[in-house]
Q: 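Quick one: the structure is below, and I'll ask about it shortly.
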Amino acid sequence: MRRLRSIALIAFAVQVGLAQKSPILLDDEQYEFVERLRILDTAKSQVLFPVYPQGRHEIHSLLEAQGGVQAERFRAKNNDVLESKKSVKPVAKHFYQSPAIFYEVNRPALKLRVNPILHFAMGSSDRSDDPLWLNQRGIEIRAAIDDRFYLQTRVLETQAGLPGYIRDYVDAYEAIPGQGLYKPFSSSLFGVDQGYDYLNGDGQLGIALSEHVDISIGHGKHFIGSGMRSLLLSDFADNYTYLRLNTQVWKLRYTNIYAELTADSPLASRGFGLLPKKYMTAHHLGFQIGSDLYLGLFESVVFSRNNQFEFQYLNPIILYRIIEQKLGSPDNVLLGLDMRIDLLPRTSWYGQIVFDELQVSRLFDGSQWWGNKFATQMGVKHMDLLGVSNLDVQIEWNRARPFIYSHIDSSATYTHAAQELAHPLGAHFDELLFRLTYRPMASVRLQLYQLQARVAGTNAEDNVGSDPRLSNVSRYSEFGVGFFDLGHERLSITRLTASYEWKPGLYVETEIQHRQRDELSEFLWSLGLRWNMTQRIQLF
């Protein structure tokens with residue numbers, strides 16, 4: 001009998017792993033809660049790798065071991081993996097059978113979840129006569145078929161009146177951060193004269209090849225690391241088409257990403273032809289050592305070819321630098337390392353280092369050669385600060401050398417659609433970030449961000465190495481390239497938000513923010529309502 005019971009439990013676990021590898025959306029604030037549980041989990045009941053998006057199955061064991069109201073809210077939103085309370089009174093018998101799912105189907109061969117998306121906000125900025133305004137509608141659908149295939153899609157239509165500093169970015173690069181093609185928008189009803197209208201979406205189709213291996217093709221983005229920022233690969237840029245292979249066994253996770261990017265903004269062609277293509281391949285190996293130490297090794301290459309993919313980069317295990325040298329190619333290879341260590345109670349330390357190019361012989365000779373391009377990150381997270389329940393703090397420092405992520409031309413820069421693939425400040429900066437989060441009750445979240453940074457900015461006469469989009473051939477010097485040789489600008493951002501989750505997935509929230517870059521200051525506020533949508537935070 002015990003043997004039969006063990007076999008049944010193993011079979012159930014395999015079914016969960018196969019059926020529900022569908023990911024939690026990359027920008028979902030549920031990750032904040034999951035990371036909190038991971039740090040507080042002294043038993044280390046589940047190995048969670050800082051590679052996002054993560055599948056729902058990855059957090060199954062962790063959530064099953066946790067209790068509390070907030071954990072129940074998480075279960076409600078992910079009820080295709082974790083059993084949650086059913087609605088006492090479903091709406092019209094078919095809707096909201098579970099508290100956080102608008103419509104669901106549960107059949108032996110099909111699990112289907114459908115949620116509408118709405119996000120409406122209004123506010124003002126002292127840099128514009130136009131109001132801040134956001135009107136976003138969409139739908140999210142996810143499904144699992146035959147306990148092996150999974151699919152997920154989200155489509156969003158947006159009209160927005162943006163803060164001044166984001167409009168400055170749009171004017172400079174013809175790109176809205178995180179978005180693709182856009183067009184001007186105005187509304188006499190809401191008093192918007194200089195707004196933007198854009199349509200975007202993400203989605204993927206995946207196949208669970210086994211309990212430990214899955215492959216997916218999709219349109220979206222990724223994030224690697226434990227920090228608020230990633231120096232390896234972040235979610236700042238627009239979505240891109242990718243093929244991803246995930247292998248997770250024992251305490252190892254190996255991720256391969258093959259992506260098609262564009263060198264320019266979608267507006268660059270002006271409708272007269274296809275945008276130039278470039279490609280990225282990346283692999284990341286994560287290893288959990290014991291219960292407290294995690295190490296990850298990252299490598300990526302960005303390249304372009306005339307009307308073809310470089311098939312030698314399909315090799316999932318070879319070092320890309322070896323291929324690059326054999327080809328005699330000018331491709332842009334990055335090498336990186338990320339780590340996380342949980343030594344003190346309720347505390348997690350983390351960091352990253354990434355190399356674009358490095359000559360050790362020139363690193364310590366005092367020449368300050370421009371080609372030694374690297375970036376570093378150090379950070380710490382601490383839960384229940386000063387013994388106050390649900391008061392969490394995170395402090396992070398990032399620094400990037402001049403010209404990192406750049407290349408001789410846009411065909412191999414570490415960018416996509418004129419947006420950074422790593423840190424939103426680009427390169428040649430020092431940054432200190434502080435985040436304080438407090439949940440006095442399960443439905444209320446108060447959050448404070450504070451950013452202080454020094455940035456090299458832009459220079460009309462010299463390429464100071466702060467913008468990866470610029471060719472590094474135009475660099476201002478070969479040697480003597482240090483930090484802020486030609487001056488710097490001060491950047492300061494303070495952002496405070498308060499949100500109330502009235503029903504699962506339905507939030508009322510307000511935000512105030514002050515941003516100052518040298519003498520240019522902007523104060524803004526907004527009040528909004530969002531349903532099944534996460535607010536995108538733009539700190540740059």
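These numbers come from the heavy atoms of this one structure, side chains and all, not from hydrogens, waters or symmetry mates.
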Q: Under the criterion side-chain hydrogen bond (donor to acceptor under 3.5 Å, both in side chains), which of Arg469, His407, Lys278 is the partner of Thr415?
A: Lys278
Q: Can you confirm whether Leu267 sits close enough to Leu181 that some side-chain heavy atom of one is under 4.5 Å from a side-chain heavy atom of the other?
A: yes
Q: Do Arg495 side-chain atoms and Gln513 backbone N/O form a donor-acceptor pair below 3.5 Å?
A: no
Q: Does Phe483 have Arg399 sitting over its ring (NZ/CZ under 6.0 Å from centre, angle to axis within 45°)?
A: yes
Q: Just so I know, are the side chains of Leu209 and Arg148 near enough to count as touching, which here means a heavy-atom distance under 4.5 Å?
A: no
Q: So which heavy atom on Ser300 is nearest to which on Tyr414, and how close?
A: OG-CE1, 3.6 Å
Q: Heavy atoms only: give me the nearest Ile24-Pro53 pair and the separation to one decimal.
A: O-CB, 3.3 Å
Q: For Met122, does its backbone N or O pair with a side-chain atom of Ser526 as donor and acceptor, under 3.5 Å?
A: no
Q: Start with the C-alpha distance between His283 and Glu299, add both sets of side-chain angles, then the distance that settles side-chain hydrogen bond (donor to acceptor under 3.5 Å, both in side chains), and finish with yes or no.
A: CA-CA 6 Å; His283 47 222; Glu299 186 182 30; 2.8 Å; yes
Q: Report the C-alpha distance between Leu156 and Ile139 in whole Å, list the side-chain angles of each, state the deciding distance to 0.1 Å, and finish with yes or no for side chain to side chain contact (heavy atoms under 4.5 Å, CB included).
A: CA-CA 7 Å; Leu156 295 171; Ile139 190 169; over 6 Å; no
Q: Show your reasoning for whether side chain to side chain contact (heavy atoms under 4.5 Å, CB included) applies to Leu48 and Val34.
A: CA-CA 9 Å; Leu48 286 178; Val34 172; 3.6 Å; yes
Q: On the six-membered ring of Tyr350, is Arg340 placed so that its NZ or CZ lies under 6.0 angstrom from the centre and within 45° of the ring axis?
A: no
Q: Give the C-alpha distance, both sets of side-chain angles, the deciding distance and a yes or no for side chain to side chain contact (heavy atoms under 4.5 Å, CB included) between Arg515 and Leu491.
A: CA-CA 8 Å; Arg515 179 184 186 272; Leu491 175 63; 3.8 Å; yes
Q: Passes ring-ring contact (aromatic ring centres under 6.0 Å, His included), Tyr182 versus Tyr196? Steps please.
A: CA-CA 6 Å; Tyr182 65 89; Tyr196 304 89; 5.6 Å; yes
Q: Return the minimal non-hydrogen interatomic distance between Arg229 and Pro424, and the atom names on each side.
A: NH1-CG, 3.1 Å
Q: So, does Asn256 use its side chain to make a donor-acceptor pair with the main chain of Arg244 at under 3.5 Å?
A: no
Q: Are more than 12 heavy atoms from other residues, nucleotides or ligands located less than 6.0 Å from atom CG of Asp129?
A: no
Q: Can you give me the closest heavy-atom contact between Gln179 and Gln419, atom names plus distance?
A: O-NE2, 3.0 Å
Q: Looking at Ser466 and Pro468, what are the two nearest heavy atoms and their distance?
A: O-CD, 3.5 Å
Q: Start with the C-alpha distance between His219 and Tyr242, add both sets of side-chain angles, then the distance that settles ring-ring contact (aromatic ring centres under 6.0 Å, His included), and finish with yes or no.
A: CA-CA 6 Å; His219 187 71; Tyr242 65 84; 8.2 Å; no
Q: Please lay out, stage by stage, how Gln452 and Ser492 fare under the test side-chain hydrogen bond (donor to acceptor under 3.5 Å, both in side chains).
A: CA-CA 5 Å; Gln452 295 290 332; Ser492 175; 2.9 Å; yes
Q: Please identify which of these residues, Phe540, Phe429, Tyr405, Phe236, meets the ring-ring contact (aromatic ring centres under 6.0 Å, His included) condition with His423.
A: Phe429
Q: Walk me through it: do Tyr169 and Tyr165 pass the test ring-ring contact (aromatic ring centres under 6.0 Å, His included)?
A: CA-CA 6 Å; Tyr169 186 98; Tyr165 73 99; 9.4 Å; no
Q: Dump the intermediate steps for side chain to side chain contact (heavy atoms under 4.5 Å, CB included) on His416 and Asp238, then the final yes or no.
A: CA-CA 7 Å; His416 165 56; Asp238 187 22; 4.1 Å; yes
Q: Quick one: does Ile353's side chain get under 4.5 Å of Gln377's, heavy atoms only?
A: no
Q: Work out which heavy atom in Asn200 is nearest to a heavy atom in Gly180; give both atom names and the distance.
A: ND2-N, 3.9 Å
